[in-house]
Amino acid sequence: MQLDQLKQVSDVEWRIAPFGKMRVPAVIYADQALITEMDDKVFEQITNVATLPGIVQAAYAMPDAHWGYGFPIGGVAAFDADAGGVVSAGGVGFDISCGVRTLHTGLKAEDVAPLKQRLADRLFTHIPAGVGSTGKLRLDAGGMDAMLRGGARWAVEHGYGSEADLDRIEEHGCMAGAEPGQVSEHAKRRQRDEIGTLGSGNHYLELQEIVEIHDTKAADRFRLRQGEVVVSIHCGSRGLGHQIGTEFLRQMVIAAPGYGIDLPDRELACAPIHSPVGQAYLGAMRAAVNCALANRQVITHLTRKVFADLLPGTHLSLIYDVSHNTCKEEWHTVDGQTRRLYVHRKGATRAFGPGHPSLPGELRDIGQPVLIGGSMGTASYILVGTEEGGTRAFSSACHGAGRSMSRHQATRQWHGRALVDELASQGILIRSPSLRGVAEEAPGAYKDVSAVVEAADRAGLARKVAKLKPLVCIKG
DNA sequence: ATGTCC
């Protein structure tokens, strides 16, 4: 990215004053190296987002931002419904509520080491992964609607996990306002047998060792101890979310001109929050959020069964579950005024600071765990939301490493088999149904996750708590 | 991300 078009505010904040049809400034959080390497498309897309009706304060890009559909991945934008604010399907993304959860095992890495191969094989056998993968659950029409209304709560009521899990999930495991009636039959048909499956692309299930502690107080509260093992699950709403995204994008492209919305890019298709299309999308999107929460909950249950077989007595308790692709109704203070806003986070994590009423009682005084999934074979991080985050990007942080290279480009540069072998030599076991998928996910096709996290930390978006290193990765 | 093109 050309730095001369940006005003540097600090070593990790860059500002673009409104020009053309921009209603608000755009802000990019990144250090000098990250922003220099950042795709020019991020500049174009984040300034386009700043032109949308009803946008509040600024359009934001996180340190892991890269080119997405309409909005950049790593983009955050909030809209005021009463000021003509809009909701955008491209602003949420196709994999609605894609997210990460991390489970505490209490096991020491040295005790898991002798079982690594067997754990990898057993997890790979029991947790369906890959394009079009199906699970054991079959949902009829009634079951589908109940799942779309209930989310992880539905899963727990059906024997997948416990009530205690729900306390550690955003929205308490169940997104209110879901309207299964707004979800097409086609979308539901695609999802009928996909609950409890990982999917493909950057989705994974990992066993990870806690290798560094940066904040002992927060780490203690999250029960993160150096040398212990956690399990992280990264997946989303599978075919259902994708179908909803596709259908509403089309509807919004058609509807936008009728609402007098002038789009700089048709990929930014949106509808006023106070409009039939806007409301229908929100109802369907919230149903897809519940689908993703149910999916991660069922996969958690399958993971627990594998551990119960190989390491009897192990208790996998949920530390936290965050979503990366959402539009949520939240209260934020803007210029001293508390306003109800619709916050789009696309490839960005909610990061509420200490005291936020939405946090579980046990964690309210310390802040929200922010789970950052790195690329395959590198590192992941756990951060905590900060007080000052409330004044930056509506309490949001980065979500991962962020791609630095297209999937196609990655397959020309790396071979799946060679990557699997190389990672195995480093003690990282990869299991995947697709060697091509592995090549697309080559660590070299991603930004440096440590640099991304460091920038988010220095920008005050969230504070580093612990670093995790992969031991086993089940890759979709 | 995605029954990787209805």
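Sequence lines set the chain letters: A, B, ... in the order given, protein chains first and strands last, and positions in each chain run from 1.
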Separation of [X] atom [atom1] from [N] atom [atom2], in whole Å?
{"X": "A/Gln243", "N": "B/dT4", "atom1": "CD", "atom2": "P", "answer": "12 Å"}
{"X": "A/Arg189", "N": "B/dT2", "atom1": "CZ", "atom2": "P", "answer": "19 Å"}
{"X": "A/Glu247", "N": "B/dC6", "atom1": "CD", "atom2": "C1'", "answer": "13 Å"}
{"X": "A/Phe248", "N": "B/dT2", "atom1": "CZ", "atom2": "C1'", "answer": "18 Å"}
{"X": "A/His242", "N": "B/dC5", "atom1": "NE2", "atom2": "C1'", "answer": "12 Å"}
{"X": "A/Arg238", "N": "B/dT4", "atom1": "CZ", "atom2": "P", "answer": "12 Å"}
{"X": "A/Asp193", "N": "B/dT2", "atom1": "CG", "atom2": "P", "answer": "14 Å"}
{"X": "A/Arg250", "N": "B/dT2", "atom1": "CZ", "atom2": "C1'", "answer": "13 Å"}

Exercise. Pull out every residue in residues 86-96 of chain A that has a heavy atom closer than 4.0 Å to any atom of DNA chain B, ordered by number, or say none.
Key: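 Going residue by residue through residues 86-96 of chain A, the ones with a heavy atom under 4.0 Å of DNA chain B turn out to be A/Phe94, A/Asp95.
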
Presence of salt bridge, [Y] and [X], under 4.0 angstrom:
{"X": "A/Asp95", "Y": "A/Arg238", "result": "no"}
{"X": "A/Glu330", "Y": "A/Arg345", "result": "yes"}
{"X": "A/Asp64", "Y": "A/Lys447", "result": "no"}

Practice problem: Output all residues satisfying salt bridge (charged side-chain N to carboxylate O under 4.0 Å, His left out) with A/Arg392, sequence neighbours left out; order by chain, then residue number. | Solution: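 So A/Arg392 forms no salt bridge (charged side-chain N to carboxylate O under 4.0 Å, His left out) with any residue.
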
Self-check item: Check: A/His344 ring centroid to A/Phe79 ring centroid under 6.0 Å
Solution: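 When the ring centroids of A/His344 and A/Phe79 are compared, they turn out to be within the sub-6.0 Å range.
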
Quiz item: How would you list all residue pairs meeting side chain to side chain donor-acceptor pair (under 3.5 Å) that involve residues 294-303 of chain A, not counting sequence neighbours?
Solution: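 Only A/Arg101-A/Gln297, A/Arg101-A/Thr300, A/Asp165-A/Gln297, A/Arg296-A/Asp321, A/Arg296-A/Ser323 qualify under side chain to side chain donor-acceptor pair (under 3.5 Å).
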
Using a heavy-atom cut-off of under 4.0 Å over every strand shown, decide if [X] touches base, sugar-phosphate, or nothing.
{"X": "A/Gly199", "value": "sugar-phosphate"}
{"X": "A/His186", "value": "base"}
{"X": "A/Gly201", "value": "sugar-phosphate"}

Quiz item: Nearest nucleotide by nearest heavy atom, which residue falls closer to the 5' end of DNA chain B, A/Arg403 or A/Arg436?
Solution: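 In this pair, the answer is A/Arg403.
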
Quiz item: For A/Glu440 and A/Arg407, take the nucleotide of DNA chain B holding the closest heavy atom to each; which residue's nucleotide lies nearer the 5' end?
Solution: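 In this pair, the answer is A/Arg407.
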
Quiz item: When you measure from the centre of the six-membered ring of A/Tyr320, is the NZ or CZ of A/Arg168 under 6.0 Å away and within 45° of the axis?
Solution: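 A/Arg168 over A/Tyr320 ring: no.
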
Quiz item: Is there a side-chain polar atom (N or O) of A/Ser200 under 4.0 Å from OP1 or OP2 of B/dT4?
Solution: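 Checking B/dT4 against A/Ser200, no side-chain N or O comes under 4.0 Å of OP1 or OP2.
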
